[in-house]
2 protein chains.
Amino acid sequence: MAPVATDQLSVVFAALADPTRRAILARLAEGPATVNEIAEPFAMTLPAVSKHLKVLERAGLISRGRQAQWRPCTLEAEPLRAASEWMNHYRVFWDRRFDRLDAHLEKLARSSGTGTGSAGPARAGGSGV
Amino acid sequence: MAPVATDQLSVVFAALADPTRRAILARLAEGPATVNEIAEPFAMTLPAVSKHLKVLERAGLISRGRQAQWRPCTLEAEPLRAASEWMNHYRVFWDRRFDRLDAHLEKLARSSGTGTGSAGPARAGGSGV
DNA sequence: CAGCTAATTAACCATTTGGTAAAACATCGA
DNA sequence: TCGATGTTTTACCAAATGGTTAATTAGCTG
């Protein structure tokens with residue numbers, strides 16, 4: 001049973017988890033393009049690209065228009081906002097410029113009692129995260 | 001043939017594309033925890049959680065220690081930095097506060113000639129992105 | 001209409017994924 | 001040493017993914 005995760009964030013992250021699809025987004029950041037234009041740099045068949053586009057579309061990351069027999073694709077970056085916001089919750093753990101780190105950890109320590117379990121002391125001691 | 005994408009960014013995004021794994025990261029943001037502690041909120045067996053932890057570990061998002069028979073897991077947010085930086089390339093497309101949008105698009109227009117293909121004019125006209 | 005180009009759909013295949021149950025491994029404590 | 005506790009490994013399964021080729025749909029143009 002691998003029923004695909006259907007929540008928005010999962011669908012977006014899954015769409016980003018492929019270099020071909022990220023390259024497609026990079027291409028579309030320069031402006032709309034047709035399927036053939038999008039497919040041109042890749043060593044794969046058109047149907048394969050078409051599938052990637054469908055994944056991106058389901059994630060809301062592209063939209064598709066109609067002009068004669070062309071279906072121009074356009075970047076729709078809005079879903080990246082939620083993904084980026086999710087990541088921001090963790091920025092404190094990697095970005096040293098966030099000196100709110102100590103305050104953040106203190107707040108956690110205050111609100112969660114003596115500890116988080118039997119696994120030992122949390123990282124509250126220093127900034128070596 | 002679905003040879004899993006092996007580049008770092010793909011592995012990280014794939015790891016994030018599952019609500020269980022994101023919940024595990026959220027838990028670890030409060031401090032290290034043992035496998036049983038991590039598994040407690042979820043309606044799945046321990047081996048399933050163990051697999052999720054392995055995915056997170058391969059992505060570099062957690063590390064695991066040893067204390068007697070416990071294997072405490074610790075959040076390692078560093079890989080999120082690259083993911084976040086990747087997203088920042090697109091921030092201009094969704095964040096209205098980025099009024100650099102126009103400058104950005106002008107730069108693109110200047111460097112790529114008359115257009116990006118037969119699919120029509122790019123979004124260069126306005127801020128309705 | 002016939003024929004061309006653009007793109008999708010259909011059928012198929014191998015691999016990966018997310019889950020299970022059961023067995024094995026690892027370590028502490030009596 | 002024996003048992004209890006914590007975690008991983010080993011099959012195994014169903015569904016999803018990423019790709020292929022061949023056929024089909026959609027729309028322009030001679």
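Order of the sequence lines sets the chain letters (A, B, ...), proteins ahead of strands, with each chain counted from 1. None of these values were measured; they are calculated from a predicted model.
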Review point. What integer distance in Å separates A/Gln67:CD from C/dT5:P?
Key: 20 Å
**Study point:** Residues B/Arg64 and B/Thr74: side-chain donor-acceptor under 3.5 angstrom
**Key:** no
Review point. Do the side chain of A/Glu40 and the main chain of A/Glu37 share a donor and acceptor less than 3.5 angstrom apart?
Key: no
Check your understanding: Hey, which of these two, A/Arg71 or A/Ala17, hits DNA chain D nearer its 5' end, going by closest nucleotide?
Key -> A/Ala17
Point to revise | Phosphate OP1/OP2 of D/dT8: any B/Arg64 side-chain N/O under 4.0 Å | key: yes
Check your understanding: Between C/dT8, C/dC28, D/dT7, which one does the side chain of B/Ala68 approach most closely?
Key -> C/dC28
Exercise for review: Using atom CD1 of A/Ile24 as one end and atom P of C/dA7 as the other, report the distance to the nearest whole Å.
Suggested key: 13 Å
Exercise for review: Tell me whether the OP1 or OP2 atom of D/dG18 has a side-chain N or O from A/Arg21 closer than 4.0 Å.
Suggested key: yes
Practice item. May I ask you to test the B/Tyr90-A/Leu75 pair for a side-chain heavy-atom distance under 4.5 Å? Key: yes
Practice item. Measure from the side-chain heavy atoms of A/Pro47 and tell me the nearest of C/dA7, C/dA10, D/dG27. Key: C/dA10
Practice item. Could you tell me the separation between the CZ atom of B/Phe42 and the P atom of C/dG18, rounded to a whole number of Å? Key: 14 Å
Review point. How is B/Ala48 classified with respect to the nucleic acid when contacts are heavy atoms under 4.0 Å: base, sugar-phosphate, or nothing?
Key: base
Review point. From C/dG19, C/dC28, C/dT8, pick the nucleotide closest to the side chain of B/Lys51?
Key: C/dG19
Review point. Would a hydrophobic clustering, with Ile, Leu, Val, Met, Phe, Trp and Tyr connected at side-chain separations under 4.5 Å, put B/Val55 with B/Val12?
Key: no
**Study point:** Atom pair distance, as rounded to whole Å: CD in A/Glu37 and P in C/dA6
**Key:** 10 Å
Practice item. Could you tell me whether B/Glu78 and B/Arg81 have a side-chain N and a carboxylate O separated by less than 4.0 Å? Key: yes
Practice item. Taking only the side-chain heavy atoms of B/Val55 (C-beta and beyond), determine which of D/dG27, C/dG18, C/dT9 contains the nearest atom. Key: C/dG18
Revision key, fill the gap. Which of C/dA7, D/dG27, D/dT5 is nearest the side chain of A/Leu46? It is C/dA7
Review point. Does a side-chain N or O from B/Thr45 land closer than 4.0 Å to OP1 or OP2 of C/dT20, or not?
Key: yes
Study note, to complete from the structure: Checking C/dT9, C/dA7, D/dT20 against the side chain of A/Met44 (C-beta onward), the nearest is D/dT20
Check your understanding: Expressed in angstrom and rounded to an integer, what is the separation of A/Asn36 atom CG from C/dT8 atom P?
Key -> 10 Å
Point to revise | Shortest side-chain distance from B/His52, nucleotide among D/dT7, C/dT27, C/dG19 | key: C/dG19
Study note, to complete from the structure: Assert: residue with more 5' nearest nucleotide on DNA chain C, out of A/Leu53 and B/Thr20, is A/Leu53
Check your understanding: C/dA7, D/dG27, D/dT7: which one has an atom nearest the side-chain heavy atoms of B/Thr34?
Key -> D/dT7
Exercise for review: Measure the distance from CD on B/Glu57 to C1' on D/dT8 and round it to the nearest whole Å.
Suggested key: 12 Å
Exercise for review: Return the value, rounded to whole Å, for the distance between atom CD1 of B/Ile38 and atom C1' of D/dT8.
Suggested key: 14 Å
**Study point:** Side-chain heavy atoms of A/Leu28 within contact of B/Phe93, under 4.5 Å
**Key:** no
Exercise for review: Figure out the CZ/C1' separation between B/Arg66 and C/dA26, and round it to whole Å.
Suggested key: 7 Å
